[in-house]
Asks: 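If you scroll down you'll find the structure; I have some questions about it.
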Amino acid sequence: MKKSILFSSFLAIAVSFTSIAQETKTEDKKREQGHYNENKFRQMYDIMATPNMFRTASGAPGPAYYQQKADYKMDIEIDDKNQKLYGKETVTYYNNSPEPLEYLWVQLDQNMRAQNSKTPLVENQRIAPALTAEKFAKEFMENGFDGGFNIEYVKDKSGKNISYTINQTMMRINLATPLKPGGKTVFSIKWWYNINNYQIDGGRSGFELFPDGNKLYVIAQFFPRMAVYSDVEGWQNMQFWGRGEFALTFGDYEVNITVPADHMMEATGELQNRKEVYTSEQMKRWELAQNTFDKPVLIVTQAEAEANAKGFSDKKKTWKYKAKNVRDFGISTSRKFMLDAMAVQLETVKPMAISIYPPEANPLWGEYSTRAVAQTLKTYSKHTFDYPYPKAVSVSAEDQGMEYPMICWNFGRPDADGTYTDRVKYGMLGVIIHEVGHNFFPMIVNSDERQWTWMDEGLNTFLEYLTELEFDKNFPTDRGPAAKIVPYMKGNQQYLEPIMSNSENIFQFGSNAYGKPATGLNILRETIMGHELFDHAFKTYAQRWKFKHPTPEDFFRTMEDASAVDLDWFWRGWFYSTDYVDIALKDVKEYYVSTEPTAKLKNYRMRTGRFTYDDGPFLYLIDEKNEEFNPATKKAFDVNEVQMLDDYVAKNYTAEEKAKLKAPKYFYEVEFEKLGGMIMPILVELQFEDGSTENHVFPAQIWRKNNETAKRVFATDKKVVKIQIDPKLETADIDTNNNVWPSTEVKSKFDELEKK
């Protein structure tokens with residue numbers, strides 16, 4: 001260690017002297033013109049919301065934090081013959097805020113499909129050069145699907161009509177008297193709507209029609225739902241345009257769902273009357289599944305499902321569910337359903353992993369779906385908190401990928417003969433893991449999806465990546481690793497947008513809302529923070545905001561608060577800008593040791609009087625490229641041959657210390673250049689002539705005083721034949737051609753073809 005300081009003493013002084021001169025010149029210019037602080041390491045007080053009693057500077061809920069509550073009692077009936085849904089709900093709304101509420105806002109998401117919906121009007125159109133007859137008729141001749149809520153009444157608890165106003169997908173309930181802090185109000189709504197064929201009319205819910213005439217229903221956003229009122233937005237009453245998802249209030253649900261008697265069903269919550277809707281054999285299988293942890297138990301067999309699908313019962317059956325502390329409710333029902341289940345042993349609880357699917361989904365679903373559900377609960381729980389709900393259900397629904405508390409719909413089925421490709425298999429597994437994972441983000445860590453898609457999709461995609469690798473170490477992941485986001489980051493910056501963009505304003509939705517935030521978290525975990533610090537901070541965030549409403553600032557602040565890692569530079573660059581990573585090797589200078597300075601250094605010494613305070617001779621690191629020396633006579637210099645160094649070592653080190661000393665013979669001054677705007681650590685691999693390698697990591701703060709370039713000196717005992725930046729592609733560097741010394745010529749395919 002002492003040798004290294006001695007060898008580099010002159011070099012450090014020279015560089016320092018040059019830097020001071022450059023900085024002085026720059027500062028003079030700034031004093032003349034004036035400037036703003038544009039240092040990429042400046043703190044984010046100019047961007048993030050000011051901490052307060054509701055949300056603290058540490059990222060935790062404050063002492064005055066509150067959230068509202070909405071409890072629902074519902075009676076729902078699905079008319080399978082006419083594809084209609086009828087509903088009646090009683091809502092008990094609790095005002096836990098410190099201010100009185102003059103009115104309440106309710107979400108009417110089905111109105112996005114109403115014939116007077118404004119959603120189709122906000123999209124640009126153009127004339128296609130050619131259209132099929134079906135496409136032409138649908139686009140220009142048909143009236144379109146007649147969707148949307150038909151509200152029959154809104155009444156108070158005494159049965160009197162309440163005034164209300166509908167504005168597209170929002171309904172304002174006009175209270176007779178303001179709802180005081182700490183108070184509650186009870187009202188009821190009755191409604192119905194036509195259920196859409198989602199494969200024709202689109203949407204996140206509706207029905208799938210099979211060739212035999214049967215339907216598979218995935219029912220969601222089916223009831224008027226309370227909007228969130230919070231300390232951040234007041235009422236979250238942004239319209240539902242179809243992309244930005246949901247901001248919803250937690251509450252308790254009691255839901256009775258009436259369907260044809262030959263249907264099988266799963267829904268949010270715990271089934272209260274299983275013995276009434278299951279056969280005795282199915283009850284025995286269910287009880288077995290509750291204590292089976294190694295493989296799924298088939299509750300409803302393929303033979304039973306096929307038998308149900310052949311009839312069309314005119315009788316009805318009511319399924320009764322209760323759910324505690326959930327923010328939404330989803331239903332899936334069909335006479336074609338098979339069902340399997342298994343228990344999942346977590347540290348403190350034992351939830352059920354369940355899959356429900358038609359025979360057309362086998363053998364793929366029976367083999368993999370419930371196992372994927374179980375793995376998701378295990379991996380996510382490990383990184384956040386033990387899954388608190390009693391079950392997680394995966395529903396096979398073609399062309400779907402959507403999540404609700406305890407239940408989700410997922411695409412992916414084999415061909416008619418039961419065969420399937422790896423692409424279909426892993427596509428199905430990926431969507432199951434992703435949608436089941438949404439139980440954690442945002443169903444429990446309840447971020448505002450209508451504002452910030454990345455807070456649920458990005459965080460969830462990151463954990464999906466970790467789960468996929470635990471499910472199958474060879475899983476062909478498509479998001480998470482840094483290299484996967486490079487094509488997006490290389491795109492035209494005019495058509496990119498920061499992660500911190502509202503859901504409706506994102507151009508490239510998949511890359512910006514899913515891929516880029518997931519990649520950023522992976523870079524933090526693998527390269528910047530390390531597993532231990534990252535995992536603790538991430539789990540702290542999840543546990544702090546479980547069953548609460550976090551904001552982006554709460555996440556950013558908690559990650560720093562729980563890790564003692566200043567990440568403002570990272571949030572500012574990766575989340576608030578479209579900066580990209582491009583770090584290059586600008587220059588490499590090779591040096592050797594000499595006791596004789598160059599003429600230039602002698603002249604500098606005489607002119608400035610520097611170094612005359614030292615009685616002994618210097619050791620100089622001389623640039624191999626210096627023209628004052630004859631290149632033909634230069635060779636690697638053995639520092640042990642320098643007598644004065646031997647004398648110094650003999651006088652200052654014990655025999656034990658001498659045995660630990662390094663003996664560097666080769667010296668390299670490497671200059672790095674940051675061509676992209678995004679700050680990132682510098683990862684360097686040195687490859688030696690004997691084939692061995694040595695890796696160095698320089699923290700992002702190496703750029704803190706110079707945003708353009710950085711220099712490091714490497715002293716080695718072996719000759720370096722190659723220097724490479726980011727050899728494992730950990731930082732999403734968009735141009736790896738400038739990452740290697742000596743530079744290698746990149747040949748085009750045209751050049752290779754011409755050579756042949």
Side-chain angles (χ1 to χ4, degrees), residues 72-89 107 109-110 113 147 149 189 191-198 203-209 214-225 246 248 251-274 276-278 299-300 308 316-324 326-339 341 352 354-358 389-398 400-410 435-436 438-439 443:
Y72 299 84
K73 291 185 177 181
M74 284 188 273
D75 291 300
I76 306 297
E77 181 169 355
I78 296 173
D79 181 348
D80 190 25
K81 289 183 178 180
N82 300 298
Q83 296 83 59
K84 294 180 184 292
L85 182 144
Y86 299 91
K88 182 172 65 175
E89 69 181 8
Q107 298 183 17
D109 291 348
Q110 288 295 327
R113 280 192 281 274
F149 283 109
I189 305 175
W191 77 95
W192 68 272
Y193 70 83
N194 294 314
I195 304 173
N196 57 301
N197 181 331
Y198 68 77
R204 302 162 190 263
S205 68
F207 67 85
E208 173 187 355
L209 180 63
N214 278 297
K215 300 171 189 68
L216 185 161
Y217 293 89
V218 284
I219 302 296
Q221 295 121 262
F222 64 89
F223 61 101
R225 303 179 296 175
F246 319 116
L248 297 164
D252 300 334
Y253 287 69
E254 293 182 27
V255 185
N256 302 322
I257 309 157
T258 300
V259 294
D262 50 3
H263 271 222
M264 177 56 59
M265 179 186 296
E266 263 299 346
T268 300
E270 292 186 274
L271 181 59
Q272 302 298 298
N273 61 334
R274 194 178 302 275
E276 296 176 14
V277 294
Y278 275 27
I299 311 298
V300 180
N308 285 338
K316 298 178 182 180
K317 185 188 298 182
T318 298
W319 300 62
K320 300 178 181 181
Y321 288 91
K322 285 186 179 181
K324 291 282 189 182
V326 296
R327 51 164 255 171
D328 203 356
F329 201 94
I331 305 165
S332 186
T333 183
S334 176
R335 61 178 50 84
K336 290 181 69 70
F337 272 146
M338 302 170 59
L339 187 149
M352 296 297 292
I354 302 169
S355 293
I356 189 165
Y357 46 93
Y389 292 139
K391 68 181 182 184
V393 182
S394 170
V395 180
S396 171
E398 275 297 74
Q400 284 285 351
M402 194 58 203
E403 72 281 355
Y404 300 92
M406 305 186 215
I407 192 168
C408 57
W409 356 120
N410 306 301
E435 305 304 345
V436 172
H438 270 308
N439 277 288
M443 299 302 152

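Because only heavy atoms are used, hydrogens play no part in the values below, and waters and symmetry mates are left out as well, while side chains stay in. One is the number of the first residue; the rest follow in order along the sequence.
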Asks: Could you walk me through whether D328 and T268 pass the side-chain contact (heavy atoms from CB on, under 4.5 Å) test, one step at a time?
Replies: CA-CA 8 Å; D328 203 356; T268 300; over 6 Å; no

Asks: First locate atom CE of M265, then atom NZ of K317, and finally report the distance between them rounded to the nearest 0.5 Å.
Replies: 9.0 Å

Asks: Is there side-chain contact between W319 and I331, with at least one heavy-atom pair below 4.5 Å?
Replies: no

Asks: Look up atom CD in Q221 and atom CE in M402, then write down how far apart they are to the nearest 0.5 Å.
Replies: 6.0 Å

Asks: For K84, does the NZ atom sit with more than 12 other heavy atoms under 6.0 Å from it, leaving out its own atoms?
Replies: yes

Asks: Are N197 and Q83 close enough that some pair of their side-chain heavy atoms sits under 4.5 Å apart?
Replies: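 A side-chain contact is absent here, since even the closest heavy-atom pair is not under 4.5 Å.
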
Asks: Does a donor on one side chain sit under 3.5 Å from an acceptor on the other, for N308 and D262?
Replies: no

Asks: Given 3.5 Å as the limit, does a donor-acceptor pair link the side chain of S205 with the main chain of A220, or not?
Replies: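 Present.
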
Asks: Kindly indicate whether the side chain of N256, heavy atoms from C-beta on, has any atom under 4.5 Å from the side chain of T258.
Replies: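 SC-SC contact between N256 and T258 ruled out.
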
Asks: Answer whether the closest heavy-atom distance between the side chains of D80 and R335 falls below 4.5 Å.
Replies: yes

Asks: Any chance you could measure T333, atom OG1, to H263, atom NE2, to the nearest 0.5 Å?
Replies: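 Rounded to the nearest 0.5 Å, the OG1-NE2 separation comes to 5.0 Å.
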
Asks: Go through V300 and Y278 one step at a time and tell me if the side-chain contact (heavy atoms from CB on, under 4.5 Å) criterion holds.
Replies: CA-CA 9 Å; V300 180; Y278 275 27; 5.6 Å; no

Asks: May I ask you to check whether Y198 and E398 show a side-chain donor-acceptor distance below 3.5 Å?
Replies: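 Looking only at side-chain atoms, E398 and Y198 do not form any donor-acceptor pair under 3.5 Å.
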
Asks: With a 4.5 Å heavy-atom cut-off, do E266 and K391 have their side chains touching?
Replies: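 Yes, their side chains come closer than 4.5 Å.
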
Asks: Which residue is it: W192, Y72, F329? I am looking for the one with a ring-ring contact (aromatic ring centres under 6.0 Å, His included) to F223.
Replies: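 The residue from W192, Y72, F329 that satisfies ring-ring contact (aromatic ring centres under 6.0 Å, His included) with F223 turns out to be Y72.
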
Asks: Heavy atoms, side chains only, cut-off 4.5 Å: are R113 and Y193 in contact?
Replies: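 Of all side-chain heavy-atom pairs linking Y193 with R113, none is under 4.5 Å.
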
Asks: Give, for atom NZ of K322 and atom NZ of K73, the distance between the pair rounded to the nearest 0.5 Å.
Replies: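 Separation between the atoms: 8.0 Å.
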
Asks: What closest approach, in Å, do M406 and N439 show between heavy atoms, and which atom pair accounts for it?
Replies: N-OD1, 2.7 Å

Asks: Quick one: closest heavy-atom pair of E270 and P390, and the distance?
Replies: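 For E270 versus P390, the nearest heavy atoms are CG-CG, 3.4 Å.
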
Asks: Ignoring hydrogens, what is the shortest heavy-atom contact between G269 and Y321? Give both atom names and the distance.
Replies: O-CD2, 3.8 Å

Asks: Give a yes or no on whether the backbone of V218 and the side-chain of S332 come within a donor-acceptor separation of less than 3.5 Å.
Replies: no

Asks: A341 and M352: which non-hydrogen atoms are nearest, and at how many Å?
Replies: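 Nearest pair, atom of A341 first, then M352: CB-CE, 4.0 Å.
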
Asks: If only atom types and distance count, is the side chain of Q110 paired as donor or acceptor with the main-chain N or O of I195 below 3.5 Å?
Replies: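 Side chain of Q110 to backbone of I195: no pair is present.
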
Asks: Could you tell me whether K320 and E276 have a side-chain N and a carboxylate O separated by less than 4.0 Å?
Replies: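 Between E276 and K320 there is no salt bridge, as every charged N stays at least 4.0 Å from the carboxylate O atoms.
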
Asks: Over all heavy atoms of both residues, which pair between S396 and Y357 is shortest? Give the atoms and the distance, please.
Replies: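 For S396 and Y357, the tightest heavy-atom pair comes out as CB-CB, 3.5 Å.
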
Asks: To the nearest 0.5 Å, how far apart are CD in E254 and CD in E89?
Replies: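 One gets 13.5 Å once the value is rounded to the nearest 0.5 Å.
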
Asks: Carefully, step by step, assess F246 and D109 under the rule side-chain contact (heavy atoms from CB on, under 4.5 Å).
Replies: CA-CA 9 Å; F246 319 116; D109 291 348; 3.4 Å; yes

Asks: Could you walk me through whether W191 and L85 pass the side-chain contact (heavy atoms from CB on, under 4.5 Å) check?
Replies: CA-CA 9 Å; W191 77 95; L85 182 144; 3.7 Å; yes

Asks: Are any of the side-chain heavy atoms of M74 and F222 separated by less than 4.5 Å?
Replies: yes

Asks: Counting only N and O atoms by type, is there a donor-acceptor contact under 3.5 Å from the side chain of W409 to the main-chain atoms of Y217?
Replies: no

Asks: Ignoring hydrogens, what is the shortest heavy-atom contact between G87 and I76? Give both atom names and the distance.
Replies: CA-CD1, 3.8 Å

Asks: Could you tell me whether a side-chain N or O of E77 sits under 3.5 Å from a main-chain N or O of D75, the two making a donor and an acceptor?
Replies: no

Asks: First locate atom CG of L339, then atom CE of M264, and finally report the distance between them rounded to the nearest 0.5 Å.
Replies: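 Those atoms lie 6.5 Å apart.
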
